**Student:** 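Have a look at the structure that comes next, please.
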Amino acid sequence: MRFSFRLAAGKRERKRRRTVVKPEWKIFIPENVLMEILPRLPAKSLMRFKCVSKLWYSLISSRYLTNIFHKSSSSTQGRRLFMSLVDKEMNYNYALVSSSRDSVPVISPYDSVPVFDLDQYLDMPGIEGCFVNALRGLVCFRIGTRVRICNLTTRQHVTLPILRPITVAKPIDNVWNYFGHDPVHDEYKVFSTVWEMSEEERVVRSEHHVLVLGPEASWRNTQNTITPPPHRPYSQGISINNVLYYGAWVDKNRCVVMSFDMRSEEFTLIELPLEAGIVWNTSPANLMNYKGKLAVFEYSSILNSGSMDLWVVKDAGKSQWSNKKTIDLPIFQTRSLAMSNGVLIHATNHSCEIRLSTKEINIHNPHSVIYDLEKNKITRHIQVMNLFDSFCICKFLDVTFWDDIESIMYLET
């Protein structure tokens with residue numbers, strides 16, 4: 001009996017030793033320390049770190065961290081150049097190209113100006129249709145009557161509900177959008193205008209709607225106190241200090257600039273300077289940001305004199321403009337562009353910057369020049385990858401150029 005008891009006791013002792021579990025050491029990082037560390041990391045790393053835990057996923061997806069990251073050096077280090085190209089006749093024929101994150105521009109041997117190569121073809125689900133605009137790392141597209149927001153960094157996209165106007169009929173073709181931001185309430189808003197034309201080509205009525213990006217978002221009427229006149233937008237909009245400006249037609253032959261405040265949602269009609277004589281569909285003219293103020297420029301004399309005329313708004317509410325300012329552009333660049341099928345001038349998303357390109361894009365070797373009106377010099381050459389495979393039968397391309405930062409914003413649906 002003694003022997004069997006001792007044997008059983010020994011077995012129990014060995015079993016007890018086997019089941020001893022060593023304590024696990026867990027490193028706890030306070031949340032406030034995490035919020036200091038995470039915004040300093042690259043966006044690509046943050047996307048991977050979402051898998052660490054539910055806490056990390058929640059922190060990285062929060063709007064608070066997104067805003068901190070937007071202001072940090074990590075987002076600006078990921079700044080890239082982008083260009084969208086859309087076939088005007090077949091909107092489904094679309095390309096989005098960019099410079100690489102780590103690309104270093106070469107210096108042109110002719111004028112010692114940096115040359116940026118847009119050699120990265122961006123292909124992700126959701127990128128299609130007409131390019132609307134880009135904002136804080138997000139890109140807005142329109143596909144028919146639908147609007148889609150894409151985050152090129154996280155490769156996430158959200159398709160917004162279809163806008164159903166109340167008084168305007170057949171809005172499929174007569175629709176215009178812009179994607180903006182209200183910094184006071186930290187709201188991303190999609191602004192939409194639909195209009196109806198009479199047989200005499202007069203704007204009969206127009207409706208204006210806003211959708212605030214977020215879960216279960218829906219369209220609503222703009223909350224303006226003064227109803228704007230019926231109008232149809234013409235030019236691509238630009239945003240200055242969170243106010244949207246766009247060229248528009250009122251009635252049949254009256255060309256104006258409309259402004260829309262993204263925070264108050266109030267409209268303002270701004271008459272164009274009389275001496276400019278701008279007619280949107282016939283005049284080579286456009287809007288731009290000039291030293292933080294709205295400006296309109298006209299360049300019909302660029303082929304002969306190599307110059308453009310500029311007017312800067314002094315008081316938008318009173319439609320007061322500055323006197324005409326004539327700006328001489330580099331003769332060699334402007335004339336060589338103009339004589340090779342004509343020149344187009346568009347504003348960029350930077351103050352005092354314009355982009356010069358030919359009217360007909362050379363799909364084998366697309367090229368643009370960025371000119372700074374304040375510095376009075378060419379600051380960048382933009383060289384784009386060969387696009388023959390994508391647009392071999394295309395005649396007319398709608399081209400938009402911009403540069404932007406990375407965004408880690410989570411798009412809620």
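No experiment lies behind these values; they were computed from the predicted model shown.
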**Student:** Just so I know, are the side chains of Leu118 and Ile382 near enough to count as touching, which here means a heavy-atom distance under 4.5 Å?
**Tutor:** yes
**Student:** Under a 4.5 Å cut-off applied to non-hydrogen side-chain atoms, are Asp182 and Asn242 in contact?
**Tutor:** no
**Student:** Is any side-chain heavy atom of Val210 closer than 4.5 Å to one of Glu265?
**Tutor:** yes
**Student:** With no hydrogens and no angle check, just 3.5 Å: does a side-chain donor-acceptor pair link Arg380 and Tyr371?
**Tutor:** no
**Student:** Is any side-chain heavy atom of Leu34 closer than 4.5 Å to a side-chain heavy atom of Trp56?
**Tutor:** yes
**Student:** Looking only at atom types and distance, does a side-chain atom of Tyr234 sit under 3.5 Å from a main-chain N or O of Trp249, one as donor and one as acceptor?
**Tutor:** no
**Student:** Minimum heavy-atom separation for Trp321 and Ser319, please, with both atom names.
**Tutor:** CD1-O, 3.5 Å
**Student:** So, do His208 and His231 have ring centers that fall under 6.0 Å from each other?
**Tutor:** yes
**Student:** With a 4.5 Å heavy-atom cut-off, do Arg254 and Glu271 have their side chains touching?
**Tutor:** yes
**Student:** Could you check whether any side-chain N or O of Ser235 sits under 3.5 Å from a backbone N or O of Gly247, counting only pairs where one atom can act as donor and the other as acceptor?
**Tutor:** yes
**Student:** With no hydrogens and no angle check, is any side-chain donor or acceptor of Ser322 less than 3.5 Å from a backbone partner on Val312?
**Tutor:** yes
**Student:** Is the closest side-chain heavy-atom distance between Val243 and Met262 below 4.5 Å?
**Tutor:** no
**Student:** Could you give all pairs that pass the salt bridge (charged side-chain N to carboxylate O under 4.0 Å, His left out) test and reach residues 45-64, with sequence neighbours left out?
**Tutor:** Arg63-Asp186
**Student:** Over 60° means perpendicular and under 30° means parallel, so tell me whether Phe267 and Phe260 are parallel, tilted or perpendicular.
**Tutor:** tilted
**Student:** What pair of heavy atoms forms the shortest contact from Ala43 to Thr153, and how long is it?
**Tutor:** CB-CG2, 3.6 Å
**Student:** Any sub-3.5 Å donor-acceptor pair from Ser45's side-chain atoms to Leu41's backbone N or O?
**Tutor:** no
**Student:** Please lay out, stage by stage, how Glu196 and Ser206 fare under the test side chain to side chain donor-acceptor pair (under 3.5 Å).
**Tutor:** CA-CA 6 Å; Glu196 185 176 344; Ser206 60; over 6 Å; no
**Student:** What's the spacing between Ile302 CD1 and Phe297 CZ if we round to 0.5 Å?
**Tutor:** 9.5 Å
**Student:** Within this structure, what is the CG-OG distance for the pair Leu59 and Ser53, rounded to the nearest 0.5 Å?
**Tutor:** 8.0 Å
**Student:** Among Phe401, Trp402, Tyr121, find the residue that satisfies the ring pair (Phe, Tyr, Trp, His ring centres under 6.0 Å) test when tested with Phe82.
**Tutor:** Trp402
**Student:** Please round to the nearest 0.5 Å and tell me the distance separating atom CD1 of Ile354 and atom OG1 of Thr348.
**Tutor:** 9.0 Å
**Student:** Only counting residues at least two apart or in another chain, list the ones meeting salt bridge (Lys or Arg N to Asp or Glu O under 4.0 Å) with Arg146.
**Tutor:** none
**Student:** Write down the atom of Thr268, the atom of Gly317, and the distance for their closest heavy-atom approach.
**Tutor:** CG2-CA, 4.3 Å
**Student:** Of all the heavy-atom pairs spanning Ile226 and Glu266, show the shortest one and how long it is.
**Tutor:** N-OE1, 3.7 Å
**Student:** So, using salt bridge (Lys or Arg N to Asp or Glu O under 4.0 Å) as the criterion, who are the partners of Arg232 when residues are at least two apart?
**Tutor:** none
**Student:** I'd like to know if the side chain of Ser301 reaches the main chain of Ser305, judged simply by a donor and an acceptor atom lying under 3.5 Å from each other, with no hydrogens or angles considered.
**Tutor:** no
**Student:** For Pro161 versus Trp219, what's the shortest heavy-atom pair and its separation?
**Tutor:** O-NE1, 2.8 Å
**Student:** Out of the candidates Ser72, Ser58, Pro39, only one should pair with Leu65 under the side-chain contact (heavy atoms from CB on, under 4.5 Å) rule; please name it.
**Tutor:** Pro39
**Student:** If every non-hydrogen atom of Val250 is compared with every non-hydrogen atom of Pro229, which pair is closest and at what distance?
**Tutor:** CG1-CB, 4.3 Å
**Student:** Should Asn177 and Ser192 be marked as a side chain to side chain donor-acceptor pair (under 3.5 Å) after you check the CA-CA gap, both sets of side-chain angles, and the distance that decides it?
**Tutor:** CA-CA 4 Å; Asn177 303 99; Ser192 182; 3.1 Å; yes
**Student:** Identify, with sequence neighbours excluded, every residue that meets side chain to side chain donor-acceptor pair (under 3.5 Å) alongside Asp251.
**Tutor:** none
**Student:** Report yes or no: does Asn133 contribute a side-chain atom to a donor-acceptor pair with the main-chain N or O of Phe179 at less than 3.5 Å?
**Tutor:** yes
**Student:** Before we go on, tell me: are the rings of Trp176 and Tyr246 under 6.0 Å apart, centre to centre?
**Tutor:** yes
**Student:** Counting C-beta onward and ignoring hydrogens, is there a side-chain heavy-atom pair between His185 and Arg263 closer than 4.5 Å?
**Tutor:** yes
**Student:** Which distance, rounded to the nearest 0.5 Å, do you find between the CD of Gln156 and the CG of Leu138?
**Tutor:** 9.5 Å
**Student:** What side-chain hydrogen bond (donor to acceptor under 3.5 Å, both in side chains) pairs are there with at least one residue in residues 275-298, not counting sequence neighbours?
**Tutor:** Glu275-Trp311, Asn286-His346, Glu298-Ser300
**Student:** Kindly compute the distance separating OG (Ser98) from CG (Asp117), expressed to the nearest 0.5 Å.
**Tutor:** 11.5 Å
**Student:** Run the side chain to side chain donor-acceptor pair (under 3.5 Å) test on His381 and Gln383 for me, step by step, so that the C-alpha distance in whole Å, both residues' side-chain angles and the decisive distance to 0.1 Å come before the verdict.
**Tutor:** CA-CA 6 Å; His381 291 286; Gln383 193 74 32; over 6 Å; no
**Student:** Mind checking whether His350 and Ile370 have side chains closer than 4.5 Å, heavy atoms only?
**Tutor:** no
**Student:** Measure the spacing between OG of Ser407 and CZ of Phe69 and express it to the nearest 0.5 Å.
**Tutor:** 7.5 Å
**Student:** Only counting residues at least two apart or in another chain, list the ones meeting salt bridge (Lys or Arg N to Asp or Glu O under 4.0 Å) with Glu187.
**Tutor:** none
**Student:** Has the side chain of Asn151 got a donor or acceptor atom that lies under 3.5 Å from a matching backbone atom of Met409?
**Tutor:** yes
